[in-house]
Chemist: 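Would you mind keeping the following structure in view while I ask a few things?
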Amino acid sequence: MSSAAKNAYLNTRVAAKATQLIGLKNVKQLSQMSPHELCQHIGLGDLLDEPGSVRSKSRAVEQGLIQVLLADLAVLVRPMSPEERGLVLAWARKYALFNLKTLLRGKIRQLDQQEIRENLYDLPPQVRLSNEDLFRTESAVELLRVLESGPLSLLARQAREIYEKRQEAFALEAAIDQRYYSELARRVTRLGDPKADRQMRSLIGSLVDRANILWLLRFRFAYGLPPSETFYQLVPSPNLMYRQRLLDLVSLENQAQVIAGLPEPLRSLLADADNLMESQRRLSQYCYGIARDVLRHGHSGVARAMAYLILREIDLQLTFTLIQSRLLNLPAAYVDLALGLSPAICAHNWPDAA
């Protein structure tokens, strides 16, 4: 397929699919629906009519929503070049990494195999961890060694080396997250289409920037790690949080200085955020805004497809939050907090500047 034909195909597909997006402004309307109506609205049919506990129904809905997202992805990646498809699939591989973390936690806690399986997502071959030998391993280290012979070899080796050194589940999962974002940052620099490159750098870069800021604030000031160790956890971004800027920020003495040292629009966005949860909420809305802008005004079909998938994932997460909150009969104020419609509150705000 020629570049022009691919672009036309993707733009047509995205334009049609974008009509089903909910958007943050409309999520309140969905909150008036029953869980069954929400399932019908999102394409899950009568899923909640099946017998089972609240937990099993919630899990079935979550699994169903992931399938909806990955079905859209499967359609959109078809005409893409190998580099473009590789980047989009690398973004979606987060769900395989969720499974990997579940497996690792199960091995560390010595859980029964069936209990582990019940908490794994059923994923298509393009993004799943396909090695059945993972279940038969005796420990987290052995599991990672098995992974080293497959496509996740670099991630597995780095995670294993860190875990063998520190024996901390937190350090292990942080290494997996770091490798995931490193892979996105690496792949986005390899796109050959200049039109797609700029918009994809903005999209993927916003995701990496968000992760970097939250990691920097958490590792440096909540966990008290020194600058050198904090920097080691970060991923130079193809957008705003590039290597030198990260080096400058990790050396600052408190979170107020870090936020003041951020580039615009991030500095103004986080200026009066007084806790990490609120910073996370605002950064998520920032990523949403960038994706929305690319979807509406972008010219690259590949970038618009990526923007649509990011927005579709947010929609499905909001829908899951609504359904779960209704199943649990949560108060409306808690639901608004979970949806990100209200400022996040935290019992412990940022400590006073040193």
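No experiment lies behind these values; they were computed from the predicted model shown. Numbers here are sequence positions counted from 1. All values below were derived from every heavy atom in this structure, side-chain atoms included, with hydrogens, water molecules and symmetry-related copies excluded.
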Chemist: Does the side chain of I213 come within less than 4.5 Å of I259's, by heavy atoms?
Modeler: no

Chemist: Salt bridge between E62 and R59, side-chain N to carboxylate O under 4.0 Å?
Modeler: yes

Chemist: Just to verify, what does E168 make a salt bridge (Lys or Arg N to Asp or Glu O under 4.0 Å) with, not counting sequence neighbours?
Modeler: R166

Chemist: For Y163 and A169, work out which heavy atoms get closest and say how close.
Modeler: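 Reported closest heavy-atom pair: CE1-N, 4.2 Å.
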
Chemist: Please verify the inter-ring angle class for F219 with Y223; under 30° counts as parallel, over 60° as perpendicular, anything in between as tilted.
Modeler: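 Correct class here is tilted.
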
Chemist: Using modelled atom types and a 3.5 Å cut-off, is there a donor and acceptor pairing between side-chain atoms of R220 and backbone atoms of V250?
Modeler: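 Looks like yes, one N/O pair under 3.5 Å.
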
Chemist: Mind running side-chain contact (heavy atoms from CB on, under 4.5 Å) on L152 and L129 for me, showing each step along the way?
Modeler: CA-CA 9 Å; L152 295 178; L129 299 171; 3.3 Å; yes

Chemist: Around R267, counting heavy atoms of other residues, nucleotides and ligands shown, do more than 12 lie under 6.0 Å from its CZ?
Modeler: yes

Chemist: Enter the distance from Y121:OH to Q67:CD here, rounded to the nearest 0.5 Å.
Modeler: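 The CD atom of Q67 is 11.5 Å from OH of Y121, to the nearest 0.5 Å.
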
Chemist: Any ion pair linking E173 and R105 (charged N to carboxylate O, less than 4.0 Å)?
Modeler: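 Salt bridge: yes.
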
Chemist: Determine yes or no for a side-chain-to-main-chain donor-acceptor pair under 3.5 angstrom, with S279 supplying the side chain and N275 the backbone.
Modeler: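 Yes.
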
Chemist: Rounded to the nearest 0.5 Å, what's the gap from SG on C39 to CG on L65? Could you check?
Modeler: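 Spacing of SG (C39) from CG (L65) equals 7.5 Å.
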
Chemist: To check you understand the geometry: which heavy-atom pair defines the closest contact between A185 and P236, and what is its length?
Modeler: CB-O, 3.9 Å

Chemist: Indicate if L246 and L225 have the same hydrophobic cluster label, given that clusters are the connected sets of ILVMFWY residues with side-chain heavy-atom separations under 4.5 angstrom.
Modeler: yes

Chemist: Please check if the side chain of R93 supplies one atom and the backbone of V127 the other of a donor-acceptor pair under 3.5 Å.
Modeler: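 Answer holds: no.
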
Chemist: When you measure from the side chain of R160 to the backbone of V141, do you find a donor-acceptor pair of N or O atoms at a distance under 3.5 Å?
Modeler: no

Chemist: Hey, could you give me each pair passing salt bridge (Lys or Arg N to Asp or Glu O under 4.0 Å) that has a residue in residues 310-333? Not counting sequence neighbours.
Modeler: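 As it turns out, the salt bridge (Lys or Arg N to Asp or Glu O under 4.0 Å) pairs with a partner in residues 310-333, which skip direct neighbours, are D72-R312, K94-E313.
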
Chemist: So do the side chains of L147 and L134 get within less than 4.5 Å of each other, counting heavy atoms only?
Modeler: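 Answer yes - side chains close enough.
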
Chemist: Ring centres under 6.0 Å, that's the criterion: do W215 and Y181 meet it?
Modeler: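 Yes: the rings meet the under 6.0 Å criterion.
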
Chemist: Answer yes or no: is there a side-chain heavy-atom contact under 4.5 Å between L10 and P79?
Modeler: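 L10 vs P79: side chains touch.
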
Chemist: Locate the shortest heavy-atom distance separating T321 from A338; write the atom from each residue and the value.
Modeler: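 Scanning both residues, the minimum pair turns out to be CG2-CB, 3.6 Å.
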
Chemist: Applying a strict under-4.5 Å side-chain criterion to I, L, V, M, F, W and Y, I'd like to know whether L104 and L154 cluster together.
Modeler: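 Different clusters: L104 never reaches L154 through Ile, Leu, Val, Met, Phe, Trp or Tyr contacts under 4.5 Å.
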
Chemist: So, do D122 and Q63 sit near enough that their side-chain heavy atoms are less than 4.5 Å apart?
Modeler: yes

Chemist: Nearest 0.5 angstrom please: K17 NZ to L76 CG, how far?
Modeler: 6.0 Å

Chemist: Can any side-chain N or O of T12 pair as donor or acceptor with the backbone N or O of A8 at less than 3.5 Å?
Modeler: yes

Chemist: Sub-3.5 Å donor-acceptor pair from the side chain of N239 to the main-chain atoms of V208, do we have one?
Modeler: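 No; zero donor-acceptor contacts below 3.5 Å.
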
Chemist: How many angstroms lie between atom OG of S182 and atom CZ of R179, to the nearest 0.5 angstrom?
Modeler: 4.5 Å

Chemist: Ignoring hydrogens, what is the shortest heavy-atom contact between V68 and I42? Give both atom names and the distance.
Modeler: CG2-O, 4.2 Å

Chemist: Would N212 and L249 count as a side-chain contact (heavy atoms from CB on, under 4.5 Å) here? Give the steps.
Modeler: CA-CA 11 Å; N212 274 322; L249 290 172; over 6 Å; no

Chemist: Locate the shortest heavy-atom distance separating A92 from L73; write the atom from each residue and the value.
Modeler: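 Closest pair (atom of A92, atom of L73, distance): CB-CD1, 3.4 Å.
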
Chemist: Quick one: are L203 and V188 in side-chain contact, heavy atoms under 4.5 Å?
Modeler: no

Chemist: Give a yes or no on whether a salt bridge exists between R136 and E142, defined as a side-chain N under 4.0 angstrom from a carboxylate O.
Modeler: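 Salt bridge flag = no for E142 with R136.
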
Chemist: Would you check if L100 and L143 make a side-chain contact, meaning some heavy-atom pair closer than 4.5 Å?
Modeler: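 Touching, per the 4.5 Å side-chain cut-off.
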
Chemist: Check whether N7 reaches the backbone of S3 with its side chain - one donor and one acceptor, N or O, closer than 3.5 Å.
Modeler: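 Side chain of N7 to backbone of S3: no pair is present.
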
Chemist: Given the rule that I, L, V, M, F, W and Y join up when any side-chain heavy atoms are under 4.5 Å apart, are L295 and I22 in one cluster?
Modeler: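 Yes; I22 is reachable from L295 via cluster members.
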
Chemist: When you look at CD of E264, are more than 12 heavy atoms from neighbouring residues, nucleotides or ligands closer to it than 6.0 Å?
Modeler: yes

Chemist: Can any side-chain N or O of K107 pair as donor or acceptor with the backbone N or O of F135 at less than 3.5 Å?
Modeler: yes

Chemist: Going through the checks in order, is the side-chain hydrogen bond (donor to acceptor under 3.5 Å, both in side chains) test met by R304 and N11?
Modeler: CA-CA 7 Å; R304 294 186 70 231; N11 277 322; 2.7 Å; yes

Chemist: Test side-chain contact (heavy atoms from CB on, under 4.5 Å) on W91 and L207 and set out the steps.
Modeler: CA-CA 10 Å; W91 171 80; L207 303 180; 3.9 Å; yes

Chemist: Please report the interatomic distance CG(L172) to CD(Q167), rounded to the nearest 0.5 Å.
Modeler: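 With rounding to 0.5 Å, CG (L172) is 9.5 Å from CD (Q167).
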
Chemist: Between Q233 and D177, is there a side-chain donor-acceptor contact under 3.5 Å, judged purely by atom types and distance?
Modeler: no

Chemist: Connecting only ILVMFWY residues whose side-chain heavy atoms lie within less than 4.5 Å of each other, what is the rest of I162's hydrophobic cluster?
Modeler: Y232

Chemist: Using a 4.5 Å cut-off on heavy atoms from C-beta on, say whether the side chain of E253 contacts that of F221.
Modeler: no

Chemist: State yes or no: do F320 and L327 share one hydrophobic cluster built from I, L, V, M, F, W and Y residues joined by side-chain heavy-atom distances below 4.5 Å, directly or via other members?
Modeler: yes

Chemist: Going by an N to O cut-off under 4.0 Å, is there a salt bridge joining E83 and R187?
Modeler: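 Salt bridge: no.
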
Chemist: If every non-hydrogen atom of A90 is compared with every non-hydrogen atom of Y180, which pair is closest and at what distance?
Modeler: O-CE1, 3.1 Å

Chemist: Do Q324 and S58 pair up side chain to side chain, a donor and an acceptor below 3.5 Å, judged on atom types alone?
Modeler: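 A pair is found: one side chain offers a donor N or O, the other an acceptor, under 3.5 Å apart.
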
Chemist: Whether the side chain of T189 engages the backbone of R186 through a donor-acceptor N/O pair (distance < 3.5 Å, no angle test) should be reported.
Modeler: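 Answer holds: yes.
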
Chemist: Report the residues that fulfil salt bridge (Lys or Arg N to Asp or Glu O under 4.0 Å) with E278, sequence neighbours left out, ordered by chain and then residue number.
Modeler: R281, R282

Chemist: Begin from the C-alpha positions of S81 and E84 and carry the test side-chain hydrogen bond (donor to acceptor under 3.5 Å, both in side chains) through to its verdict.
Modeler: CA-CA 5 Å; S81 70; E84 295 162 347; 3.2 Å; yes

Chemist: Before you tell me yes or no, could you show the steps for Y95 and L69 under side-chain contact (heavy atoms from CB on, under 4.5 Å), namely the whole-Å CA-CA distance, both residues' side-chain angles and the distance that decides it to 0.1 Å?
Modeler: CA-CA 11 Å; Y95 296 103; L69 175 68; 3.5 Å; yes

Chemist: Consider only side-chain N and O atoms of S284 and Q280, and report whether a donor and an acceptor are under 3.5 Å apart.
Modeler: no

Chemist: Applying side chain to side chain donor-acceptor pair (under 3.5 Å), name anything that partners D248, two or more places apart in sequence or on another chain.
Modeler: Q244

Chemist: Which residues satisfy the side chain to side chain donor-acceptor pair (under 3.5 Å) test with Y286, sequence neighbours excluded?
Modeler: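 Side chain to side chain donor-acceptor pair (under 3.5 Å) check on Y286 returns nothing, list empty.
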
Chemist: About how many Å separate CD of E115 and CD of Q110, when rounded to the nearest 0.5 Å?
Modeler: 12.5 Å

Chemist: If we only count heavy atoms from C-beta on, is the L87 to M80 side-chain gap below 4.5 Å?
Modeler: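 Not in contact.
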
Chemist: Is it the case that the side chain of R128 and the backbone of L123 share a donor-acceptor pair, with hydrogens and angles ignored and the cut-off at 3.5 Å?
Modeler: yes

Chemist: In terms of side-chain heavy atoms, does T102 have a donor or acceptor partner in N119 at a distance below 3.5 Å?
Modeler: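 On atom types as modelled, these side chains do not qualify, holding no pair under 3.5 Å.
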
